[in-house]
Amino acid sequence: MRIRARRAAEGHEGYGSHEGRAAQEGPGPAGGAVSGMRLRRAAGRLRGWGGVSAMAVACAVTAAVVLLPLAHATPDTGGPAVRKPASMAVAPAAPWSLTDTCQDPEASLRPSDVDGAAIARIKAAGKLVAGVDQNSFRWGYRNQTAEGSRLDGFDIDLVKAIARDILGDENAVIYRAIPTSQRVPALQEGRVDIVVRTMTINCKRLEDVAFSTAYFEAGQQVLAPKGSAITGYDTSLKDKRICFATGSTAEAALNAQSYGSVPVTVANQLDCLVRLQLGEVDGIITDNALAAGQAAQDPSVQLVGSPFTREFYGVAMNKDASDLVRRVNKVLENYRAGGNDSPWMKAYLKHLQPVLPGVSAPPAPKYRDG
């Protein structure tokens, strides 16, 4: 039996999964959404992370208790956006590569434990407000345990380390589940202090937010059903419906070089896996670190081809919060220290090694002057 991806609610009706909204409102635009009846049936079959079954409504209730919603929701479009721009012809043979317009985008401010305005505000509030995912297996997801449902994952462990350093309590955190497309707006509008959500550092994003030093290395890769004719990020994508999250690196790749594919966009990356399972798309492009967890959860899909980018995840913060950036970099210095006994390596072995083996160390930090 195929293992179905759990579609946990995002803690607010405006941030709920597309599937949940479509089930209530009916089908979206032609060619975009499946019928509400199909999605309700699919929701009934969805299984929780780690093999724990859960109805979507039960997930929503649990999420509402633990996760606070973001204040503003994005408009509901009723279905995924399927775009066929005239410019998206079959791309040239040369592979697309991630290029940046700035030098060393991973270089961040040097670490410091000096309090500034941002740290003072967090201490006054007594809570760190963290934007996270609750749907990415092994990174940020709802883990059903004997004690109940709780947020777990590699990114969640890092949030706890930051809270422990600033506030002296790893549980002094307000988690806010945010979709991929809302990571930058949430920081700009002050709805979260940090975003720890497998967010790639690049020059375009540095125009809008600040980043810590890199805490993980990943790359874009194609996820497809076993037996699919898709062989990777190449001409085998021609006429295939390829899903990706709005605002992701995958979107930039397909906008630049589509190989004749038909792009299907969603707000949350995990929505792509649900659509793949429902037969609404033919493949997914996303970070291989995320896709490895999805392939482990659903054995009917697999990574194909090779990663075609080299990317680094960072903790994102408001551009004006330089003291917080320096403090997070101090936390990361300690988090990496200790080799195989470091908190970073312990978190990797616990959460990621089973689905993403072979990582021997965290990426080395880069700093810029100032």
Side-chain angles (χ1 to χ4, degrees), residues 10-12 15 62-72 108-136 139-143 149-180 182-199 201 205 208-216 313-336 343-344 346-347 351 365:
E10 295 290 353
H12 189 286
Y15 284 110
T62 304
V65 172
V66 180
L67 293 173
L68 295 186
L70 287 170
H72 306 292
S108 184
L109 296 174
R110 294 192 177 277
S112 171
D113 59 2
V114 176
D115 290 0
I119 297 292
R121 176 175 47 76
I122 293 169
K123 287 185 174 181
K127 296 286 186 179
L128 176 71
V129 184
V132 298
D133 199 351
Q134 63 169 351
N135 295 319
S136 292
W139 288 94
Y141 68 106
R142 303 214 64 80
N143 190 7
S149 177
R150 61 180 174 84
L151 277 174
D152 205 355
F154 190 86
D155 280 346
I156 304 303
D157 279 8
L158 180 52
V159 171
K160 290 179 179 179
I162 296 170
R164 185 166 54 246
D165 184 89
I166 296 175
L167 296 168
D169 181 2
E170 68 176 25
N171 296 313
V173 182
I174 296 174
Y175 293 102
R176 288 184 171 169
I178 54 175
T180 308
Q182 284 295 301
R183 294 176 297 187
V184 170
L187 287 166
Q188 291 178 321
E189 296 166 13
R191 291 177 271 147
V192 296
D193 299 314
I194 60 174
V195 169
V196 187
R197 196 187 182 285
T198 58
M199 190 169 178
I201 306 168
R205 289 173 179 162
D208 301 315
V209 297
F211 279 99
S212 70
T213 53
Y215 68 85
F216 202 86
Y313 296 158
V315 178
M317 290 153 280
N318 190 285
K319 288 193 73 170
D320 295 331
S322 60
D323 61 317
L324 181 57
V325 175
R326 293 181 186 276
R327 186 62 166 266
V328 170
N329 284 339
K330 172 182 171 292
V331 174
L332 285 171
E333 283 283 309
N334 296 330
Y335 205 65
R336 300 183 191 98
W344 188 96
K346 291 177 180 177
H351 298 294

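Since the structure is predicted, the reported quantities are computational estimates derived from the model, not experimental observations.
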### Query
With sequence neighbours excluded, what pairs up with Lys160 under the salt bridge (Lys or Arg N to Asp or Glu O under 4.0 Å) test?
none
### Summary
So CD1 of Ile119 and CG of Leu128: to nearest 0.5 Å the spacing works out to 8.5 Å
### Query
Could you give the distance from CG (Asn318) to CG (Asp208), rounded to the nearest 0.5 Å?
10.5 Å
### Task
Apply side-chain contact (heavy atoms from CB on, under 4.5 Å) to Ile166 and Lys123, showing your working.
CA-CA 7 Å; Ile166 296 175; Lys123 287 185 174 181; 4.3 Å; yes
### Query
So which heavy atom on Val325 is nearest to which on Ala210, and how close?
CG2-CB, 3.8 Å
### Task
Compare all side-chain heavy atoms of Val132 with those of Asp155 and state whether any distance is below 4.5 angstrom.
no
#### Entry: Asp157: partners by side chain to side chain donor-acceptor pair (under 3.5 Å), with sequence neighbours left out
His351
### Task
Keeping the roles fixed (side chain from Arg176, backbone from Arg191), state whether a donor-acceptor pair exists under 3.5 Å.
yes
### Summary
Rounded to the nearest 0.5 Å, the CG atom of Asp320 sits from the CG atom of Leu187 at a distance of 11.5 Å
### Query
Between atom OH of Tyr141 and atom CZ of Phe154, what is the distance when rounded to the nearest 0.5 Å?
13.0 Å
#### Entry: Minimum heavy-atom distance between Ala163 and Ala172, given as atom pair plus value
CB-O, 4.2 Å
### Query
Would a distance-only check, ignoring hydrogens and angles, find a side-chain to backbone donor-acceptor pair under 3.5 Å from Arg205 to Val184?
no
### Query
When rounded to the nearest 0.5 angstrom, what distance separates CZ in Arg326 from CE in Met317?
11.5 Å
### Query
Using the ring of each side chain (for Trp, its six-membered ring), is Trp139 parallel, tilted or perpendicular to Phe216, with breaks at 30° and 60°?
perpendicular
### Task
Would you please name every residue forming a side chain to side chain donor-acceptor pair (under 3.5 Å) with Asp152, sequence neighbours left out?
Asn143, Arg150
### Task
Of all the heavy-atom pairs spanning Arg336 and Ala214, show the shortest one and how long it is.
NH2-O, 2.9 Å
#### Entry: All side chain to side chain donor-acceptor pair (under 3.5 Å) counterparts of Lys319, not counting sequence neighbours
none
### Task
With sequence neighbours left out, write down each residue that passes side chain to side chain donor-acceptor pair (under 3.5 Å) with Gln188, or none if nothing qualifies.
none
### Message
Looking at every heavy atom in both Ala316 and Val209, which two are closest together, and how far apart are they?
### Response
CB-CG2, 4.4 Å
### Query
Do Asp193 and Lys127 sit within salt-bridge range, that is, some charged N less than 4.0 Å from a carboxylate O?
no
### Task
Could you tell me the separation between the CZ atom of Arg142 and the CG atom of Leu151, rounded to the nearest 0.5 Å?
4.5 Å
### Message
In the structure I gave you, are the side-chain heavy atoms of Asp115 and Asp323 within less than 4.5 Å of one another anywhere?
### Response
no
### Message
I want to check something: taking the side chain as every heavy atom from C-beta on, are Asp133 and Thr198 in contact at a cut-off of under 4.5 Å?
### Response
no
### Task
Heavy atoms only: give me the nearest Ala130-Val159 pair and the separation to one decimal.
CB-CG1, 3.8 Å
### Message
Any side-chain to backbone donor/acceptor pair from Ser108 onto Phe211? Under 3.5 Å, distance only.
### Response
yes
### Query
Under 4.5 Å between any side-chain heavy atoms of Leu324 and Ile122, yes or no?
yes
### Query
Does Leu332 reach the side chain of Leu158, with side-chain heavy atoms less than 4.5 Å apart?
yes
#### Entry: Min side-chain heavy-atom separation Leu109-Ser322 under 4.5 Å
yes
#### Entry: Side-chain heavy atoms of Pro343 within contact of Tyr335, under 4.5 Å
yes
### Query
Below 4.5 Å, heavy atoms only, C-beta onward: do Arg197 and Val192 meet side chain to side chain?
no
### Query
Tyr215: what forms a ring-ring contact (aromatic ring centres under 6.0 Å, His included) with it, not counting sequence neighbours?
none
### Task
Start with the C-alpha distance between Arg164 and Asp169, add both sets of side-chain angles, then the distance that settles side-chain contact (heavy atoms from CB on, under 4.5 Å), and finish with yes or no.
CA-CA 4 Å; Arg164 185 166 54 246; Asp169 181 2; over 6 Å; no
